[in-house]
Amino acid sequence: MIEKRKPLAVKEAINQVMEYSVVGKGEKVTLQESYGRFLAEDLIADHPVPPFDRSPYDGYAIRSIDTIHAQSDHPIEFEVIDEIGAGSVSDYTLGRMQAIRIMTGAQMPVGSDAVVMLELTKMFQQDNKSFMSIKRPFKKGDNVSFKGEDTPEGSVLVKKGTYITPGVIALLATFGYEKVSVVKKPKIGIIATGSELLNVGEPLVPGKIRNSNSYMIEAQARRSGAAPVFLGKLVDDLEKCYDAIASALEKVDFLITTGGVSVGDYDYLPEIYKRLGANVLFNKVAMRPGSVTTVAELNGKLLFGLSGNPSACYVGFELFVRPIVRIFLNSNHPHLQKVTATLGEDFPKPNPFTRFVRGVISMENGQVLATPVGLDKSNVVTSLAEANAFIVLPGGTRGYKAGDTVDVLLIEDQTGSEQPWAESFK
Ligand SMILES: Nc1nc2c(c(=O)[nH]1)N[C@H]1C(S)=C(S)[C@@H](COP(=O)(O)OP(=O)(O)OC[C@H]3O[C@@H](n4cnc5c(N)ncnc54)[C@H](O)[C@@H]3O)O[C@H]1N2
Ligand code: MOO
Ligand SMILES: [Mg+2]
């Protein structure tokens, strides 16, 4: 008699997996290597930005008090005593009715408190001296870019766990980080099971197909921030699979297998978990595709038994493995980001389980439109190429109509969400 499996709600299944999440350690990489990694510590401003009062314009640094009586019919004249470009500091202290010609980015001279743009001045020479005149008054602080106005010293600029974007790189450079403390990528072992599997370079022969899952999962692992380790494809042989999985567990932080988790004669994963003495968290989830997704734990290490069916395998990774990777990387937004969208076409097939339909999102007349792509079947591989989102259609007895408001999970997004998708959100 085949065992009857009890399906778990998606949210409940995710929560159970999250119980076993662990946080990784840090390592130093060069600034250039840090792009796309996750910060291992808060980035604190150890100096103010800008680090000194500076001119935001090409013009003249002046004392505002000297300009009080300037008017269009009564220009005020200043003697120009020095000239500084960005990177230079004037040795002079500005005195009464004196100005220093200053370029954008240069430090404000001692005694000055305002800048007049070049366009508002008139220059002239007299007795071998330089002068300029202005026709309106200026206030203290006019056209000054103040020390610390971008960010004050001591502020937390970026929190640990942040995905390092080009913008974060700019900050790291600003604060002198030649080396950046990032979280070590978790090592994810990947094993593909199935006697039908050919290598990518092999020609097709009757009854066989090429292994696509392990390559797909390797890429998904990279996208999530992990370091995949492909540990081979195995024929459906209990002993061989057991040995491979047992030894793989020693080498990695998490282990993913694809295939062999259902109830077929050659689906050996359930027996392997038993032999390993692993604690199976669940072996059925109320979702489509991926209802056979199984997650087990051995001494705190997670074993993800993803379905052999490509679409199910793909969805299983994003819902269950990605958040575990992101927590390892210190992120507090480990789950897929959710947006609300309008369903682009009818989806008439009702299902008791929640569907994660592969789809594309686009903008139409200012609205986010989510349209399913390809065949919505667990064993389909082609729809995955186009998909940039999962359209979530909660289980029930009715289908969905174009124009319905639906939740959509963004699979190419790096921002993420604090919470996993859950029915109760609606
Ligand atoms: N009697 C039942 N049969 C099935 C059930 C069930 O509940 N009762 N569940 C079905 C569902 S749902 C799914 S999903 C699949 C899951 O199967 P397995 O995870 O055991 O995977 P396999 O049997 O090994 O393979 C399934 C399918 O996927 C292809 N495959 C496997 N590995 C790869 C790979 N690396 N690259 C590309 N394609 C792969 C394989 O050839 C099969 O076609 O079970 C249903 N059956
Ligand atoms: O695990 Mo299956 O993917 O529901 O078709
Ligand atoms: Mg099977």
Side-chain angles (χ1 to χ4, degrees), residues 1-10 13 188-202 204-221 228 230-238 240-241 244-245 255-273 280 282-296 303-321 349-358 374-385 387 390 392-395:
M1 184 54 185
I2 298 285
E3 59 153 325
K4 185 105 179 80
R5 298 183 180 183
K6 190 173 167 297
L8 214 58
V10 179
I188 299 194
I190 301 168
I191 291 176
T193 73
S195 301
E196 74 280 29
L197 301 178
L198 296 168
N199 290 320
V200 173
E202 288 182 290
L204 290 180
V205 291
K208 307 256 186 188
I209 58 164
R210 293 194 184 97
N211 161 30
S212 59
N213 284 349
S214 75
Y215 298 96
M216 174 185 79
I217 291 290
E218 274 192 57
Q220 285 178 281
F230 180 49
L231 297 167
K233 86 181 161 50
L234 304 175
V235 294
D236 295 312
D237 175 292
L238 178 59
K240 283 190 180 136
C241 287
I245 289 171
L255 182 66
I256 294 177
T257 55
T258 78
V261 278
S262 186
V263 295
D265 293 344
Y266 309 104
D267 289 337
Y268 290 129
L269 266 299
E271 176 60 24
I272 290 169
Y273 296 134
V280 175
F282 51 84
N283 58 14
K284 187 120 190 149
V285 187
M287 65 189 243
R288 271 269 118 96
S291 61
V292 299
T293 306
T294 301
V295 180
L303 292 87
F304 296 92
L306 302 183
S307 165
N309 276 327
S311 284
C313 188
Y314 188 98
V315 172
F317 182 95
E318 296 301 327
L319 294 186
F320 300 105
V321 187
K349 294 176 278 181
N351 196 287
F353 289 173
T354 296
R355 285 185 191 271
F356 293 85
V357 178
R358 277 73 64 217
L375 259 188
D376 188 68
K377 280 191 168 178
S378 169
N379 54 12
V380 158
V381 70
T382 50
S383 63
L384 296 172
F390 297 150
V392 192
L393 303 179

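Just so you know, ligand 1 is whichever comes first in the structure, and atom 1 is the first atom listed for that ligand. Treat the numbers as computed from the prediction; the structure is a model and nothing was measured. Any value given below was found using the heavy atoms of this structure, including those in side chains, with hydrogens, waters and symmetry copies removed.
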Between N379, I217, I190, N309, which one has a non-hydrogen atom sitting closest to atom 43 (O) of ligand 1?
-> N309
How close does the nearest protein non-hydrogen atom get to atom 37 (C) of ligand 1, and which residue and atom is it?
-> S212 OG, 3.4 Å
Just heavy atoms, cut-off under 4.0 Å: does D236 contact ligand 1 by side chain, backbone, both, or neither?
-> neither
To the nearest 0.5 Å, tell me how far M216 CE sits from F317 CZ.
-> 9.5 Å
Pull out every atom of ligand 1 sitting under 4.0 Å from any heavy atom of G259, numbered as shown with elements.
-> 19 (O), 21 (O), 24 (O)
Heavy-atom distance under 4.5 Å between the side chains of T382 and L375, does that happen here?
-> no
Do the non-hydrogen side-chain atoms of L384 and S311 ever get within less than 4.5 Å of each other?
-> yes
When only distance counts, is N213 in polar contact with ligand 1, meaning an N/O pair under 3.5 Å?
-> yes
Those atoms of ligand 2 less than 4.0 Å from some heavy atom in S378 | 2 (Mo), 3 (O), 5 (O)
Minimum side-chain heavy-atom gap D236-T193 below 4.5 Å | yes
May I ask you to list the atoms of ligand 2 that are less than 4.0 angstrom from any heavy atom of R288?
-> 4 (O)
Relative to the heavy atoms of S378, which atoms of ligand 1 are at a distance of less than 4.0 Å?
-> 14 (S)
Identify the closest protein heavy atom to atom 6 (C) of ligand 1: which residue and atom is it, and at what distance?
-> S262 OG, 3.7 Å
Min side-chain heavy-atom separation F353-P7 under 4.5 Å | yes
Is there a side-chain contact between F304 and I188 (heavy atoms, below 4.5 Å)?
-> no
Is it true that atom CZ of F230 has more than 12 heavy atoms of other residues, nucleotides or ligands lying nearer than 6.0 Å?
-> yes
Is the count of non-hydrogen atoms from other residues, nucleotides or ligands lying under 6.0 Å from K349 atom NZ greater than 12?
-> yes
Protein N/O/S atoms under 2.8 Å from the Mg ion (ligand 3): how many?
-> 2
Can you measure from CG (D237) to OH (Y266) and round to the nearest 0.5 angstrom?
-> 11.5 Å
Between R288 and V315, does a side chain to side chain contact (heavy atoms under 4.5 Å, CB included) hold up when you go through it step by step?
-> CA-CA 9 Å; R288 271 269 118 96; V315 172; over 6 Å; no
Decide whether an N or O pair under 3.5 Å exists between G260 and ligand 1.
-> yes
Describe, in one word, how the ring planes of F282 and F320 are oriented to each other, choosing from parallel (under 30°), tilted (30 to 60°) and perpendicular (over 60°).
-> tilted
Does the side chain to side chain contact (heavy atoms under 4.5 Å, CB included) test come out yes or no for N283 and Y273, once each step is laid out?
-> CA-CA 11 Å; N283 58 14; Y273 296 134; over 6 Å; no
Would you mind listing which atoms of ligand 2 come within a distance below 4.0 Å of any non-hydrogen atom of A312?
-> 3 (O)
Any N/O of P310 closer than 3.5 Å to an N/O of ligand 1?
-> no
Does the pair L198 and L204 meet the rule for a side chain to side chain contact (heavy atoms under 4.5 Å, CB included), with working shown?
-> CA-CA 8 Å; L198 296 168; L204 290 180; 4.0 Å; yes
Considering V263, V315, T257, which one's heavy-atom position lies nearest to atom 8 (N) of ligand 1?
-> V263
In this structure, atom 11 (C) of ligand 1 is nearest to the protein heavy atom V292 CG1, 3.8 Å
Taking only heavy atoms of R288 into account, list the atoms of ligand 1 that are under 4.0 Å away from them.
-> 12 (S)
For ligand 1, which atoms sit closer than 4.0 Å to a heavy atom of D267?
-> 20 (O), 23 (O)
Separation between CD1 of I190 and CG of L231, rounded to the nearest 0.5 Å = 8.0 Å
shortest atom 19 (O) of ligand 1-to-protein heavy-atom contact is with G308 N, 3.0 Å
Does some side-chain heavy atom of V263 sit less than 4.5 Å from a side-chain heavy atom of R5?
-> yes
May I ask you to identify the nearest protein heavy atom to atom 38 (N) of ligand 1, giving residue, atom name and distance to one decimal place in Å?
-> I209 CD1, 3.3 Å
Are any of the side-chain heavy atoms of I256 and I191 separated by less than 4.5 Å?
-> no
Taking the side chain as every heavy atom from C-beta outward, state whether T294 and L269 have any pair of such atoms under 4.5 Å apart.
-> no
Proximal atoms of ligand 2 relative to P289 (non-hydrogen, under 4.0 Å) = 3 (O), 4 (O)
What residue and atom, counting heavy atoms only, is the protein's closest point to atom 40 (C) of ligand 1, and at what distance?
-> E196 OE2, 2.9 Å
min-distance protein heavy atom vs atom 1 (O) of ligand 2 -> S291 N, 2.6 Å
For atom 12 (S) of ligand 1, the closest protein heavy atom turns out to be S291 OG, 3.4 Å
Look at atom 35 (N) of ligand 1 and say which protein heavy atom is nearest, naming residue and atom and giving the distance to 0.1 Å.
-> N211 OD1, 3.0 Å
